[in-house]
There are 2 protein chains.
Amino acid sequence: MLIRLDPASPEPLFAQLAAAVRGAIARGELTAGERLPSARELAESLGLNVHTVLHGYQRLRDEGLVELRRGRGAVVTPSGADGLARLRHALADVTAEARRLGLSAGELTELIRKEYS
Amino acid sequence: MLIRLDPASPEPLFAQLAAAVRGAIARGELTAGERLPSARELAESLGLNVHTVLHGYQRLRDEGLVELRRGRGAVVTPSGADGLARLRHALADVTAEARRLGLSAGELTELIRKEYS
DNA sequence: GTATTGTTCTAGCTCTAATAGAACAACTTG
DNA sequence: CAAGTTGTTCTATTAGAGCTAGAACAATAC
């Protein structure tokens, strides 16, 4: 799993890291039961602090995508892997266009809610 | 145009303000050539600092949605209004397709949230 | 000419992100 | 059981963004 981070981005590093893992799960590059590198390992290889990596892992845990256990590390959950893989591509074009126009995720979802009602 | 801001949100106030205006344009509540309230006026009525409002306006200008001129204020550009209107139509197509496939609004917005992260 | 409005500048305050180091608790492995 | 691995928790510091504040300035409208 290749992870590239941009320190100059307004997006926090821990969030970029979480996003990278999330994307890998959605694309099927990481499957249920697979284990992520240990925080200390990944921090070393990415040139980050251990706490920053753990912060990202904890966000993924909050989203239900991975399980964290001491001594074992971070493991992809079945529910997380299943839920992500679906209609993601169908939305890619629209979200890219929306982002180009400066819309936030909140604004886009707001438009959708109105569209559905 | 009603603007509601949440100071407790992680989203910066200037960004929330820009988002509100953007949404109003996308929904057609603000049309090309229309003038926004002056920064000093809006700051007063929203309980914000003038600079915060101007920060939001400047973001909208960077996105090409409004023009800023001293003495005149912020005016919605034709190109900005058009672009957002187009997106709105594209979005209508996607939501129609999603509905045809049996997705709920919640599922769709959840996918978008992940797409943006 | 006068009022309005955005632009620019300095300044201070607060909060988040990121880093750093240390000790600790739970789990895995031999 | 013993040792190593890994996440958890704690305190602390640094850097930057966001927001507020006040002032002076420049372009436009009337």
Side-chain angles (χ1 to χ4, degrees), chain A residues 1 3-22 30 33-77 80 102 104 106, chain B residues 1 3-22 30 33-77 80 117:
Chain A
M1 180 181 50
I3 294 183
R4 301 230 263 91
L5 303 179
D6 176 18
S9 166
E11 186 76 359
L13 291 172
F14 79 90
Q16 291 183 47
L17 173 58
V21 175
R22 215 182 284 119
L30 278 174
E34 262 192 277
R35 191 176 154 183
L36 302 183
S38 83
R40 286 174 175 86
E41 251 181 66
L42 192 52
E44 172 73 18
S45 79
L46 290 178
L48 294 182
N49 190 281
V50 187
H51 297 98
T52 305
V53 174
L54 281 167
H55 193 174
Y57 278 9
Q58 282 153 10
R59 162 161 294 193
L60 292 171
R61 177 191 52 190
D62 293 344
E63 294 169 359
L65 298 184
V66 303
E67 257 188 18
L68 295 183
R69 286 268 183 86
R70 308 183 231 210
R72 184 168 39 152
V75 178
V76 179
T77 64
S104 70
Chain B
M1 179 183 52
I3 294 184
R4 302 229 265 90
L5 302 181
D6 175 17
S9 165
E11 187 76 359
L13 291 172
F14 79 90
Q16 289 183 48
L17 173 59
V21 175
R22 219 181 280 120
L30 276 175
E34 262 192 276
R35 189 177 154 183
L36 301 183
S38 85
R40 284 175 177 85
E41 250 182 67
L42 193 53
E44 171 75 17
S45 78
L46 290 179
L48 292 183
N49 191 280
V50 187
H51 297 98
T52 305
V53 174
L54 281 168
H55 194 174
Y57 279 8
Q58 282 153 9
R59 164 162 294 194
L60 292 170
R61 177 191 51 190
D62 292 345
E63 295 167 359
L65 297 184
V66 304
E67 257 188 19
L68 296 183
R69 284 268 183 85
R70 306 183 232 212
R72 185 169 38 152
V75 179
V76 179
T77 64
S117 61

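So that the names make sense, note that chain A is the first sequence line, chain B the second, and so on, each numbered from 1.
- Counting all heavy atoms, side chain and backbone alike, B:A18 lies closest to B:G56 at CB-O, 3.9 Å.
- Reading DNA chain D from its 5' end, the first and the last nucleotide to sit under 4.0 Å from a heavy atom of chain A are D:dT5 to D:dC10.
- Between A:E67 and A:T77, the shortest heavy-atom contact is N-CG2, 3.8 Å.
- Taking the nucleotide of DNA chain C with the nearest heavy atom to each of A:R72 and A:F14, the more 5' of the two is matched to A:F14.
- When atom types are taken as modelled, the side chain of B:R35 and the backbone of B:R72 share a donor-acceptor pair closer than 3.5 angstrom.
- Here the P atom of nucleotide C:dC27 and the CD atom of A:E67 are 12 Å apart, to the nearest Å.
- Between A:L36 and A:L42, every side-chain heavy-atom pair lies at or beyond the 4.5 Å cut-off.
- Atom CZ of B:R70 and atom C1' of C:dG6 are 6 Å apart (whole Å).
- No side-chain heavy atom of B:R69 sits under 4.5 Å from any side-chain heavy atom of B:V75.
- Taking atom CG on A:L17 and atom P on C:dT19, their separation rounds to 11 Å, with Å as the unit.
- Between B:R59 and B:E63, some side-chain heavy-atom pair lies under the 4.5 Å cut-off.
- Enclosure of atom CD in A:E44 is not indicated, since only 12 or fewer non-hydrogen atoms of other residues, nucleotides or ligands lie within 6.0 angstrom.
- What separates CZ of A:R40 from P of C:dT19 is a distance of 16 Å, to the nearest Å.
- Summarising the geometry, the separation between CD on B:E41 and C1' on C:dA3 is reported as 14 Å, rounded to the nearest angstrom.
- The nearest whole Å value for the distance from the CZ atom in A:R35 to the P atom in C:dC27 is 14 Å.
- In this structure the side chain of A:V21 never reaches within 4.5 angstrom of the side chain of A:L65, judged on heavy atoms.
- End-to-end axis angle for the helix from C:dG1-D:dC30 to C:dG30-D:dC1, using five pairs per end and rounding to 10°, comes out at 50°.
- In the region residues 44-57 of chain A, proximity to DNA chain D at under 4.0 angstrom, judged on heavy atoms, holds for A:H51, A:L54.
- Taking each heavy atom of B:P7 and B:L5 in turn, the nearest pair found is CD-O, 3.5 Å.
- At whole-Å resolution of the value, CG in A:L68 and P in C:dA25 are 19 Å apart.
- Per the geometry, CG belonging to B:L60 stands 14 Å off C1' belonging to C:dG6, to the nearest Å.
- Taking the side chain as every heavy atom from C-beta outward, B:L46 and B:T52 never approach each other to under 4.5 Å.
- Nearest heavy atoms, A:V50 versus A:A39: CG1-CB, 4.1 Å.
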